[in-house]
Amino acid sequence: MVARGGMARFWSLESLQMGASAADGGTESSALVDDNGSEEDYSYEELCQTSPRYLQPGGEQLAINELISDGSIVYAEALWDHVTMDDQELGFKAGDVIRVLEASNKDWWWGRNEDKEAWFPASFVRLRVNQEELPENCGSIQDEEQDAEISKHRQKMAENKDQMRTNVIQEIMNTERVYIKHLKDICEGYIRQCRKHTGMFTTAQLSTIFGNIEDIYKFQRKFLKDLEKQYNKDEPHLSEIGSCFLQHQEGFAIYSEYCNNHPSACIELSKLMKQGKYRHFFEACRLLQQMIDIAIDGFLLTPVQKICKYPLQLAELLKYTTQEHSDYNNIRAAYEAMKNVACLINERKRRLESIDKIARWQVSIVDWEGPDVLARSSELIHSGELTKISKQGKSQQRTFFLFDHQLVFCKKDLLRRDILYYKDRMDMDEMELVDTEDGKDKDFNINVKNAFKIINRATEEIHLFCAKKQEDKKRWMEACENERRRVQEDEEMGMEISENQKKQAMQNARKSRHGKIKGVSYNGCPMPPPHQSLHPIHQRHITVPTSIPQQQVFALAEPKRKPSLFWHTFNKLTPFKK
């Protein structure tokens with residue numbers, strides 16, 4: 001391992017284990033699956049005794065707090081995009097590196113990305129397995145005084161690549177074993193008991209709630225059996241596991257059915273949980289099976305999380321696998337294969353969740369005119385405020401929402417700034433984006449700054465927009481280009497949302513809209529306490545967002561499915577957090 005040094009800044013999560021170290025494989029648990037495919041009866045507690053703490057519920061938070069308080073630098077990697085227009089939340093893209101500065105809250109952490117510090121949802125990131133290795137793109141988020149020390153450790157990191165590969169291999173093995181235990185608990189702890197109570201559950205209900213998770217359990221047992229055979233307990237860094245992923249890559253397709261069904265499962269489960277007898281029943285099942293303290297909806301999310309975690313693990317393993325390693329080519333091929341599987345599943349699921357958000361957003365807009373947004377769009381690309389300038393030189397401050405295929409703009413209420421009025425929309429399929437230099441504009445005969453134009457190719461009508469800052473203009477320019485690219489990709493992939501799904505989303509949104517009561521915000525959700533802009537260590541009382549934002553992508557942390565923060569912060573005009 002790389003020495004942590006006087007400031008204890010460099011460490012590996014594999015070093016944070018409960019009990020004896022498993023670095024040499026001496027305390028690793030034996031395979032959960034024997035040659036006949038039958039599972040040995042390992043309890044979760046036994047797995048915890050031999051698995052790193054950060055793999056267990058709450059363990060990641062414990063590890064972070066210990067290291068931060070000890071003066072260490074902790075980095076997390078973004079699993080998925082987090083899009084927000086709220087200044088008090090940290091936006092980032094998948095793969096970005098974030099320095100974690102505060103993790104006392106289990107749902108929201110405080111961190112820094114580039115030059116900004118803000119809150120971000122803990123479920124959208126994962127701790128880097130090897131904290132010693134700092135990515136190339138994270139130089140901007142590091143303190144200047146660290147540069148010399150980091151440079152000094154680069155050579156040591158190269159020398160310890162075998163240990164780093166060991167860390168990743170062991171994380172893959174340990175998380176796989178824990179995952180199998182979760183699947184077993186779902187099948188034996190919940191499904192088996194539910195089938196005994198025919199008066200409480202119909203076959204259709206159980207099929208909706210649990211989907212094909214029993215097939216996934218059967219598949220994962222075979223996968224783990226082969227994975228254990230390839231695992232070198234004595235010298236884990238020599239393990240050749242890439243072939244296992246390639247051998248089973250077609251089998252992972254069964255996750256598509258489960259992931260697409262998952263939203264329906266959540267709805268059905270939510271209906272049942274409104275009744276006390278079902279809440280008590282599921283809790284009794286959990287206790288009888290001696291399952292960890294996660295609600296049933298959390299267990300049902302684990303397969304969704306798992307299929308998206310594989311490419312991340314394989315990407316990290318590839319980074320520590322030299323080209324001379326016998327497993328290099330297989331790991332590289334496995335990474336590409338699992339990335340494709342996860343991306344296809346993820347995109348489909350993300351779009352289905354996205355249309356629900358869009359529908360709820362639309363019904364909150366006053367004086368809406370014309371077709372529903374969902375008639376043509378299924379995703380918000382970008383949003384924010386711009387100044388729209390007419391040919392007569394009249395300027396209008398508007399809030400714009402760029403969806404695939406269309407740009408919608410609204411006006412804020414003068415008194416109630418959380419209320420938006422519909423004003424108009426543009427068909428982006430007919431438009432061309434044109435950059436505009438600062439200074440005198442020849443088309444509008446006025447001086448402009450941070451401006452760009454959108455021109456209708458058919459009518460040649462010109463629309464001029466000005467942003468407050470150069471950075472805002474750049475984001476809008478990139479967003480418009482991204483919108484065209486996504487439209488093209490959707491056509492190539494055959495990505496379509498059925499008319500029935502769109503219709504159902506609008507019906508659900510309108511029903512929800514009618515439920516507005518006293519003491520709630522304009523969009524029908526309780527108002528959150530105001531954010532505080534100070535760093536947590538400077539606050540007497542830390543105020544964090546009240547819940548995890550509804551995710552358009554799959555998160556990998558242990559879930560506590562609460563109402564979306566998106567619907568709690570409409571007054572901040574953050575309509576589509578990811």
Side-chain angles (χ1 to χ4, degrees), residues 81 83-85 259-271 346-384 399-411 418-428 483 486-487 490 495-517 520-526 547-554 561-578:
D81 295 353
V83 177
T84 175
M85 297 300 291
C259 294
N260 289 337
N261 175 73
H262 187 254
S264 300
C266 293
I267 294 173
E268 185 65 33
L269 190 60
S270 177
K271 292 178 182 178
N346 185 59
E347 182 63 16
R348 175 66 179 174
K349 172 77 161 47
R350 189 174 67 84
R351 290 296 181 92
L352 290 175
E353 291 182 348
S354 179
I355 65 172
D356 290 330
K357 290 184 179 183
I358 293 174
R360 284 181 284 175
W361 170 82
Q362 181 186 312
V363 299
S364 72
I365 303 298
V366 181
D367 297 336
W368 183 268
E369 296 179 6
D372 294 333
V373 177
L374 294 180
R376 300 194 62 203
S377 305
S378 62
E379 182 178 17
L380 179 85
I381 309 297
H382 191 57
S383 65
T399 303
F400 290 82
F401 300 88
L402 177 62
F403 300 89
D404 54 310
H405 297 289
Q406 58 186 316
L407 177 67
V408 178
F409 41 106
C410 304
K411 179 182 178 180
D418 58 327
I419 296 179
L420 292 175
Y421 294 87
Y422 175 85
K423 301 307 295 183
D424 206 349
R425 74 180 87 187
M426 294 181 185
D427 186 347
M428 295 303 292
E483 183 270 340
R486 295 195 189 189
V487 168
D490 287 350
M495 174 64 65
E496 291 184 0
I497 305 296
S498 71
E499 292 301 320
N500 184 55
Q501 289 171 319
K502 294 178 181 179
K503 182 179 179 181
Q504 186 63 49
M506 291 304 304
Q507 289 177 348
N508 293 340
R510 292 188 173 103
K511 287 181 182 178
S512 176
R513 184 80 182 101
H514 293 154
K516 187 177 70 170
I517 58 175
V520 300
S521 65
Y522 183 73
N523 61 345
C525 292
S547 65
I548 296 296
Q550 181 173 339
Q551 300 163 24
Q552 293 186 9
V553 291
F554 308 142
R561 296 185 66 86
K562 300 178 181 179
S564 168
L565 179 66
F566 162 74
W567 307 115
H568 287 211
T569 54
F570 192 82
N571 60 317
K572 293 283 187 180
L573 296 179
T574 56
F576 289 89
K577 294 186 175 64
K578 289 187 180 180

| message | The test is side-chain contact (heavy atoms from CB on, under 4.5 Å); show your working for S378 and D404 and say whether it passes. | response | CA-CA 7 Å; S378 62; D404 54 310; 3.8 Å; yes
| message | Quick check for you: to the nearest 0.5 Å, what is the distance between S264 atom OG and L269 atom CG? | response | 12.0 Å
| query | In this structure, which one of I365, V408, D367 forms a side-chain contact (heavy atoms from CB on, under 4.5 Å) with L420? | reply | I365
| task | Mind running side-chain contact (heavy atoms from CB on, under 4.5 Å) on D490 and R351 for me, showing each step along the way? | result | CA-CA 11 Å; D490 287 350; R351 290 296 181 92; 3.0 Å; yes
| note | To the nearest 0.5 Å, atom CD1 of I355 lies from atom CZ of R360 at 11.0 Å
| request: To the nearest 0.5 Å, tell me how far R425 CZ sits from F403 CZ. | output: 9.5 Å
| query | Given F401, which of F409, W361, Y422 fulfils the ring pair (Phe, Tyr, Trp, His ring centres under 6.0 Å) condition? | reply | W361
| query | To the nearest 0.5 Å, what is the distance between CE (M506) and CG (L374)? | reply | 6.0 Å
| task | Verify whether one side chain among S377 and Q406 offers a donor that lies under 3.5 Å from an acceptor in the other. | result | yes
| query | CZ of R486 to NE2 of H405: how many Å apart, nearest 0.5 Å? | reply | 12.0 Å
| query | Between CZ of R510 and CD of Q362, what distance do you get to the nearest 0.5 Å? | reply | 6.5 Å
| query | Taking all non-hydrogen atoms of both residues, which atom of A505 and which atom of A359 are closest, and how far apart? | reply | O-CB, 3.5 Å
